[in-house]
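Before any comments, here is the structure.
Chain letters run A, B, ... following the sequence lines, proteins first and then strands; every chain starts at 1.
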Amino acid sequence: MKERMKMREQNPLERKNNFEEVTLGYNEQEALHEASRCLECKTAPCKTGCPANVLIPEFIKEIKNKDFKKAHYILKLKNNLPAVCGRVCPQEVQCEAKCVLAKKGNAVAIGRLERFIADFGIKNNLSLDIESKSNSIKVAVIGSGPAGITCAADLAKEGFEVYLYEALHKAGGVMVYGIPEFRLPKSIVEHEINKIQELGVKLETNMVFGKNINLSDLKEKGFKAVFIGSGAGLPKFMNIQGEELNTCYSANEFLTRINLLKAYKFPEFKTPVIVGKKTVVVGGGNVAMDAARCALRLGADVTLIYRRTQKEMPARVEEVHHAMEEGIKFEFLNNPVRYEGDEKGFVKKVFVERMKLGEPDASGRRRPEKTGEIREFEADSVVVAIGNSPNPVIQQNLKDLKTTKWGTIEVDENNNTSIPGIFAGGDITTGAATVIEAIGAGKKAAMSIVNYIKNNK
Amino acid sequence: MKKNEIMEKKKLSDGSYLFKIYNPEVAKNSYAGNFVIVIAKDGSERIPLTIMEYTDEWISIVIQPIGFSTKEICFLEEKDCFSGIMGPLGKKIENKKYGTILFVAGGIGIAPVIPQMMEFKKTDNKIILIHGARDGEHIILEKESKKYTDNYIICTDDGSMGKKGLVTNAMKELIESGEKIDHIVTIGPLIMMKFVSDLSKNYSIPTTASLNTIMLDGTGMCGSCRVEYDGEVKFACVDGPDMDAHKINFDVLLRRNARFKSLELVNGEKK
């Protein structure tokens, strides 16, 4: 049995000083080696692990045949964002977890092969030559994150006239404001969005649904359906003393300054960020890892504080591993209780309480319990990365839209909302989740929209 | 006309600029209290500015060139296009009859006061305006101010126009004179709004302050604009910008609004 091919990476000591991509991708030889490990199982269990139903053994087979163009075509048929998924999907719990070789702890590196092919497509500027006959039926997609992009692209492939509305000045949603350059280069996101526009999708930025574009406007203009993929936006705070301090950021603010507004290139780009010499990041998810690694690259000494142990961390193992390699310190079983500032309101100290694990909670993970033991850390900045709740702006402006008690938009199994003709998917319906789940929802919603319009002719 | 094209640029006596910007989608949805996020060029900061006038086609904003980014905006000329205008954001004012409404504006804060006075006039409120500034040159938009007010009081620090002294003195004088004030709206520098709020609290007059905090997205996503409000965390961008002044912790806000001062750019470079 051949070994799973490792991916080359930038040296941790070097990469912690730059925002360039950490993982370097496979070259042709490496990709061929890895593809040859695929057993081409008839049952293809890997496919059942992919929310976008990517034709996995089929595209890998074409890698074996060295027909990368065909592999690209097969890949893009199902997934409009393969270069993104190949980088940020948690394959180890999805397709690769279902791979028969995974039982031996050695699944085919599907994600890396996906990235190889997607990058081949970008390098050669391949387009998906799909003949779609325009049906001139207008559909609006709200939000240009992974759910919206997927829904828009799939509808465009079916011939619909799709308008993709983005609230910010740049398209891509979490892929541009959240995920940092060193994990997902923005040029790649831009390329994928250009490709979607090539399919005929009309992108308009600075458009906020319920503000400068309303349901009534859309109806007047003859739109037949709307998909809402506005994401999980509202940052959560812990409501502890000192969160109002100047250098206490939500992860959203911190990452938006750095990624969307390029504060790491200040003053070439004009939006500032202050990290200081020491940064404390609170949280254990991928967003916390991203924030910690950004702070590190801006020159801070970074400590990550998580209330449970490494085992319970929701972040991808690979991200935690990368963060540790780069020199981020982890303080498990600790939870902040308050922050102290100087006379000008800048963070000076972080007080944390030691926790211990108790009985499992609703999530099945052992619940962290207080011990009363308080310690203090010096810090110049704090990033709170404990999750987001859905942005209520759209729901506030659409009174008939049913929401759940968590504030997410209620949808049925076909992504229908309580208003006929309005569909929703992604984080706005599930709460903060992954890129690939949003892609899956965007796909499903696109199919539902096709059926809805067919039935309402 | 192109979207976000500058239809008119006018220099006001205090050195600030009034921009009329073509953007029907924003304009026809705008109302008093709303703001827009303005992006001058690619790579510029996102700057929140309250809308002054709105028609079906254009909005106007007034901006003072103080820091790098506001200067960058003021360098734009007629026929230029803003890279982006996003809005209208924030809550619209609740227009109803209070009786007598006192507006207390500081300097350029008069610009966002204008549409509020206009709308509150429509609901038959008596409108009193106290506009304070450094000197007479900083008293701008007089014509508009006169148009919507029943009583227009000017005060300047140096006495070069109107009464000499702070807006709070004029406010006190007015209230002590027996004028029954049902509601106060204050817009201007944070420190002024804080003192107006402290004073109106003494007289138990409900007061609204319009907050111009540091924002990024303007839709509740980042929390940069958060304020301590009655012990809770509120976001000025979605819960405001107009909020109950008596519940705002102005001291925290003053510190937060100065948090990037050390990084202020001079001619686009670090100091």
Side-chain angles (χ1 to χ4, degrees), chain A residues 166-170 177-178 204-214 217 230-237 239 243-257 260-263 265-274 341 343-346 384 388-389 391-394 396, chain B residues 3-4 23-30 34 36-37 39-46 68-69 72 83-90 214 216-228 231-233 235 238 249 251-265 268-270:
Chain A
E166 167 56 43
L168 292 170
H169 61 277
K170 257 209 170 93
Y177 75 73
E204 285 190 45
T205 53
N206 296 312
M207 298 300 280
V208 192
F209 191 59
K211 300 288 183 188
N212 55 357
I213 179 108
N214 299 306
D217 299 336
S230 52
L234 233 51
K236 282 184 196 158
F237 288 97
N239 293 316
E243 270 180 330
E244 77 289 351
L245 290 169
N246 297 350
T247 39
C248 178
Y249 304 93
S250 74
N252 274 3
E253 177 183 0
F254 190 68
L255 292 172
T256 301
R257 284 186 180 276
L260 176 72
L261 300 162
K262 309 228 179 296
K265 290 186 183 170
F266 182 87
E268 180 193 343
F269 288 80
K270 309 301 176 197
T271 303
V273 69
I274 293 174
E343 68 289 349
K344 282 186 172 167
F346 289 87
V384 183
N388 294 320
S389 43
N391 194 325
V393 170
I394 287 178
Q396 278 165 2
Chain B
K3 190 162 155 177
N4 302 334
N23 187 322
E25 286 149 347
V26 171
K28 65 177 189 236
N29 289 298
S30 294
N34 285 142
V36 282
I37 297 258
I39 307 164
K41 303 177 196 169
D42 282 355
S44 295
E45 266 190 288
R46 296 167 61 95
F68 175 83
S69 293
E72 192 179 42
S83 168
I85 303 280
M86 175 202 192
L89 302 171
I214 300 173
L216 296 181
D217 63 292
T219 61
M221 197 188 85
C222 81
S224 167
C225 67
R226 65 190 186 272
V227 291
E228 204 180 298
E232 276 180 63
V233 176
F235 291 176
V238 286
N249 185 333
D251 295 331
V252 167
L253 203 49
L254 279 161
R255 287 199 292 266
R256 283 188 64 81
N257 259 23
R259 66 196 164 119
F260 295 113
K261 264 227 146 92
S262 65
L263 290 177
E264 221 148 76
L265 295 173
E269 301 292 327
K270 278 188 204 172

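Residue contact with chain B, scored on non-hydrogen atoms closer than 4.5 Å, involves the backbone and the side chain of Leu168(A) alike. Of the atoms belonging to Ile85(B), it is backbone heavy atoms, and not side-chain ones, that fall under 4.5 Å from chain A. Proximity to chain B (any heavy atom under 4.5 Å) is shown, for Phe269(A), by both the backbone and the side chain. Of the two parts of Tyr177(A), only the side chain, counted from C-beta on, holds a non-hydrogen atom closer than 4.5 Å to a non-hydrogen atom of chain B. Residue Asn388(A): no heavy atom, backbone or side chain, is found under 4.5 Å from chain B. Heavy-atom distances place no part of Leu255(A) under 4.5 Å from chain B, backbone and side chain included. Of the two parts of Val26(B), the backbone and the side chain both hold a non-hydrogen atom closer than 4.5 Å to a non-hydrogen atom of chain A. Looking at Glu166(A), there are no atoms closer than 4.5 Å to chain B (heavy atoms on both sides), in backbone or side chain. Proximity to chain A (any heavy atom under 4.5 Å) is shown, for Ser30(B), by neither the backbone nor the side chain.
For the atom pair CE (Met221(B)) and CD (Glu253(A)), the distance works out to 10.0 Å, reported to the nearest 0.5 Å. One distance of note links OG of Ser224(B) with CZ of Phe254(A); it measures 13.0 Å at 0.5 Å rounding. Remark: Asn4(B) CG to Asn206(A) CG distance equals 7.0 Å, nearest 0.5 Å. Note that CZ of Phe237(A) and CZ of Arg226(B) are 3.5 Å apart. Values are rounded to the nearest 0.5 Å.
Of the listed residues (Ile37(B), Ile39(B), Asn23(B)), the greatest number of heavy-atom pairs within a distance under 4.5 Å of chain A belongs to Ile39(B). Options Arg257(A), Lys344(A), Glu268(A) differ in how many heavy-atom pairs under 4.5 Å they form with chain B, and the most are formed by Arg257(A). Contact tally against chain A (heavy-atom pairs below 4.5 Å) for Met86(B), Arg259(B), Arg255(B): the top residue is Arg259(B). Among Gly231(A), Ala251(A), Ala263(A), Cys248(A), the residue with the largest count of heavy-atom pairs under 4.5 Å with chain B is Cys248(A). Options Lys170(A), Glu243(A), Lys262(A), His169(A) differ in how many heavy-atom pairs under 4.5 Å they form with chain B, and the most are formed by His169(A). Top candidate by heavy-atom pairs under 4.5 Å with chain A, chosen from Leu253(B), Leu254(B), Asn257(B), Leu216(B), is Leu216(B). Counting heavy-atom pairs closer than 4.5 Å to chain B, the top residue among Asp217(A), Val273(A), Thr247(A) is Val273(A). Listed options Pro267(A), Ser250(A), Pro235(A), Ala167(A) were ranked by heavy-atom pairs under 4.5 angstrom with chain B; first place goes to Pro235(A).
Two residues are said to be in side-chain contact when any heavy atoms from C-beta on lie closer than 4.5 Å; Asp217(B) and Thr256(A) fail this criterion.
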Step by step, work out the side chain to side chain contact (heavy atoms under 4.5 Å, CB included) result for Glu204(A) and Lys3(B).
CA-CA 12 Å; Glu204(A) 285 190 45; Lys3(B) 190 162 155 177; 3.9 Å; yes
Q: Check step by step if side chain to side chain contact (heavy atoms under 4.5 Å, CB included) holds for Arg46(B) and Thr271(A).
A: CA-CA 8 Å; Arg46(B) 296 167 61 95; Thr271(A) 303; over 6 Å; no
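Partners of Asn246(A) under the side-chain hydrogen bond (donor to acceptor under 3.5 Å, both in side chains) rule, at least two apart in sequence or in another chain, do not exist in this structure.
Contact between Phe266(A) and Leu265(B) at its shortest, heavy atoms only, is CZ-CD2, 3.5 Å. Across every non-hydrogen atom of Pro272(A) and Leu263(B), the tightest pair is CB-CD1, 3.6 Å. Counting all heavy atoms, side chain and backbone alike, Ser262(B) lies closest to Ile274(A) at OG-CD1, 4.0 Å.
The backbone N or O of Glu244(A) lies less than 3.5 Å from a partner atom in the side chain of Arg256(B), making a donor-acceptor pair.
Residue-environment remark: NZ (Lys265(A)) exceeds the threshold of 12 foreign heavy atoms within 6.0 Å.
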